[in-house]
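This report refers to the structure that appears directly beneath it.
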Number of protein chains: 2
Amino acid sequence: MANSNSNSHYSKLSQHFQKISHFEHLSALGDWDQATMMPSGGSEARGAAMAELAGHIHELKTADFIEETLNLAADEVLNKEQAANLREMQYQYFQANIVPASLVQSKTQLAYQCEHAWRVQRKNNDWQGFKPNLEALITLVREEAAIRAQAQNITPYDALLSKFEPDMTTRRLEKVFGSLKSWLPQMITQVQANQRNDLKVEIPSFSAKKQEALGRDVMSFLGFDFTQGRLDTSSHPFCGGVPGDIRLTTRFDETDFTQGLMGVIHETGHARYEQGLPKQWRGQPVGGHRSMAIHESQSLFCEMQLGRGAGFLSQLEPLISQHLGAELDSQALTALYTRVESGFIRVDADEVTYPCHILLRFEAEKGLVDGSLAVADLPDFWAENMQNLLGVDTRGNYQNGCMQDIHWAVGELGYFPSYTLGAMYAAQFRYAIEKSLGSVDALVAQGKIQVIFDWLEQNIWSKGCLLSTDALVKQATGEPLNPEYFKRHLEQRYLK
Amino acid sequence: MANSNSNSHYSKLSQHFQKISHFEHLSALGDWDQATMMPSGGSEARGAAMAELAGHIHELKTADFIEETLNLAADEVLNKEQAANLREMQYQYFQANIVPASLVQSKTQLAYQCEHAWRVQRKNNDWQGFKPNLEALITLVREEAAIRAQAQNITPYDALLSKFEPDMTTRRLEKVFGSLKSWLPQMITQVQANQRNDLKVEIPSFSAKKQEALGRDVMSFLGFDFTQGRLDTSSHPFCGGVPGDIRLTTRFDETDFTQGLMGVIHETGHARYEQGLPKQWRGQPVGGHRSMAIHESQSLFCEMQLGRGAGFLSQLEPLISQHLGAELDSQALTALYTRVESGFIRVDADEVTYPCHILLRFEAEKGLVDGSLAVADLPDFWAENMQNLLGVDTRGNYQNGCMQDIHWAVGELGYFPSYTLGAMYAAQFRYAIEKSLGSVDALVAQGKIQVIFDWLEQNIWSKGCLLSTDALVKQATGEPLNPEYFKRHLEQRYLK
């Protein structure tokens, strides 16, 4: 067996994946610029350049030599980290090669058209216009899922899940989400019944400029290093860029600063994860984020576990008063940020009702993929489930019903569970932190927020993809995913 | 002979060059972002990504199939524009392939080191530190020039010129610049003697924000379309991006708004040229700018012919008063923008003294390339020529003498003449415009600036590289380069 010197097969792969990461850097830059800076006149040339780049990256990811070299490298002497890197290379190569290029291309094209039309159709509540596009796209998604399933000997929906959550299965999700479904709707009713309406707070208006200055200070409070990234605005907030240069965005509504501010806190969670990924593995597959649920766990840890807690809000009080000059004490902030209200829109939902939106989408996606739910029946399915889960009537309201998310309009099925898995992991991480360091709220209130980030860096961020998701969570918390911590968190915050 | 259908050799080349332009789009974006947006933490990853991209573009430009395909395409039936495109492809291929990759690489690396050290050495007036680096770099430049010269059967300095000015020769430049040298120093003396010192104006301070708002309005007045580009700030102003999305930058000095404003006007000239290049040829070699002198002619047309004229400054008066709130009438603005003062620094020079800086550099570069001027003798050469041309004493003042420009520190010789050629072309274009449309000053004062841009678009911008520089200038003005128009322009503005 050869060892992993610079002429080894492993080393050849490592160089190749580093090269891919350089082109992905340019792709991230192009995406960010398009969303934040690019004038409309640039879209044609940019579209062509980004398509060319995507094609080039795909060529590199599916290069002929990789398969054989992966096999040869598997026989080389590798240390633990290198072995993990090789495993992630294999996974990425497999994911990139599993679907025929022709299918990828048809799906990309159809998704582009469907999304483009959806932007107008959603505004017009035009379900009849959207339906045939979605049907055509779902047909391709099923085809993709079948191919992925056969190659991995798993079910089609598992195969879609695995694009975002390696090792997660439908069966396991059904167990986790089934438990959630058994107690969450009742809890929502109870929380809303107990909720003190006299604490409802009027939100004053503030200029975007003031909100942005506040946002920057809150980012610094959350340990964001502005020599390693930027904050800008875009119509849909996101966290992009590369680990040394994270580009996060938010949007500011002058009549409601609370959304933009929480958006900044959420995206800062994503950003700190990316910035904290192992520096020595930058550009290598093992140096990337573990899964989308783990990514969401970091943003939701910031937003939900820290951001809506009393300790954090008491720290926010002077910053808000400094930048917005308004008299919003931490009691008012707490009332604003922990209000529970059943509504139509997933992205506007509070922490307690949010998982219901995911439960519904999970069931719908499974049905769309296995064929038990026809696209034509989606609105009825939606209305029935929204009624059962949240007591909300969505009949005829397609734009705020099954047409509200971009995910299906671009053919992305299997992603939604990551959001609620992320919320569960975040609660579980908090529990582990409190076990070793004491109350998170107290730590933040005492100005010791850094020790919390140190824990996350040591246990989550710096691990990149060295471990599987289960192993990562177990090493950090002593057990794999346990949704009980999420339940306990909601009970403590909303029912005590 | 085959015709140019989609399977033709010509068409294959056309697709290949389009592909190159997509990667060049990403390169332009990366450069712009680095200068305007990127936080310091991004430099390592960006440097690696940009080097990867440059390597990829070089590979594409020197792809094996190109040479033979160019020959085969030459036998195909092409229309006039396609034939011009093929000629430009041949030129670009030749320029990319002429120098061995190993030499390109050593020069790039040495230039990077030399520039990096120069940034500190210049600040410290450290000629002894800079000298050996420049010597090593000039040795490589001579090697490059010799290879380029031999391949084209021209002189080494001609070969360097041809990178920026196809068809321009040292002999022709010597004639043009020789004439300039015969009358310019005397004219400068005369202008300065006549200059009314009582018109010297104190410049008030204005915030960068106000200057930027003024700059944007002036850009709009110059016909810049903000759906096709942006204005940002960077430490060195430039015009980048791609034709549908031009990214221009300037810098604002709060104690002197005149420089930043003229910078905006200058870069807008570059921008309008790029935006006006033939749309149907975007991404093809024939769709690019004709030469660096023609590019400079457009920025200098805006800055010198329009920008410092009485008609333009009278239009500027209300905009300045609106944004800066200051009482600067067009007489004061004219005094500010037409003051002539001999100084050390090229980039700070006025329109009249500027060409002296170029005359000196042209002579120096020729000597450095043919070996008649040693790097060690550069400071003495500089001192003597600055004394003769501008009556300025630069002895011992290296940082404001031969160390002031970045060009040589990165091994770029042969570029400087383009600046003064540009000024000459701009004067010649103005003359042609006035012959057919009447006084430029009067047109601008009457709010008819658009007809001037229409002329430029029709005669210069929309021609891209369809014609050679000489043919372009002759078609637009009736004759090839004639420096008499530049002399006449200076006489009219400064001696009447």
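Letters go in sequence order (proteins before strands), and every chain restarts at 1. Side chains included, hydrogens not; waters and symmetry mates left out as well; all remaining heavy atoms used.
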A:Pro39 to B:Gly229 - nearest heavy-atom pair and separation: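 Closest pair (atom of A:Pro39, atom of B:Gly229, distance): CG-N, 3.5 Å.
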
Shortest non-hydrogen contact from B:His22 toward A:Ala48: NE2-CB, 3.4 Å

Hey, is [atom1] on [X] packed in by over 12 heavy atoms from elsewhere, all under 6.0 Å?
X: B:Glu254; atom1: CD; value: yes
X: A:Phe65; atom1: CZ; value: yes
X: B:Gln109; atom1: CD; value: no
X: B:Gln95; atom1: CD; value: yes

Sequence neighbours excluded - salt bridge (Lys or Arg N to Asp or Glu O under 4.0 Å) pairs with any residue from residues 27-42 of chain A: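 Only A:Asp33-A:Arg46, A:Asp33-B:Arg247 qualify under salt bridge (Lys or Arg N to Asp or Glu O under 4.0 Å).
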
Interface residues of residues 267-290 of chain B facing chain A - non-hydrogen atoms under 4.5 Å apart: none

Contact listing (chain A partner; residues 218-227 of chain B; heavy atom under 4.5 Å):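 Within residues 218-227 of chain B, near chain A: B:Phe226, B:Thr227.
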
Separation of A:Glu52 CD from B:Leu26 CG (nearest 0.5 Å): 9.0 Å

Ring geometry between B:Phe23 and A:Phe23 (parallel below 30°, tilted from 30 to 60°, perpendicular above 60°): perpendicular

Closest-packed option against chain B by number of heavy-atom pairs under 4.5 Å, given A:Ser40, A:Gly42, A:Ala49: A:Ala49

Best-contacting candidate, A:Met38, A:Met50, A:His56, A:Glu44, against chain B by heavy atom pairs under 4.5 angstrom: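 Most heavy-atom pairs within the cutoff with chain B belong to A:His56.
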
Engaged part of A:Met37 at the chain B interface, taking heavy atoms whose separation is under 4.5 Å: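 For A:Met37, heavy atoms of backbone and side chain both lie under 4.5 Å from chain B.
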
Set of side-chain contact (heavy atoms from CB on, under 4.5 Å) partners for A:Ala45, sequence neighbours left out: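 If we apply the side-chain contact (heavy atoms from CB on, under 4.5 Å) test to A:Ala45, skipping adjacent residues, the hits are B:His25, B:Val242.
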
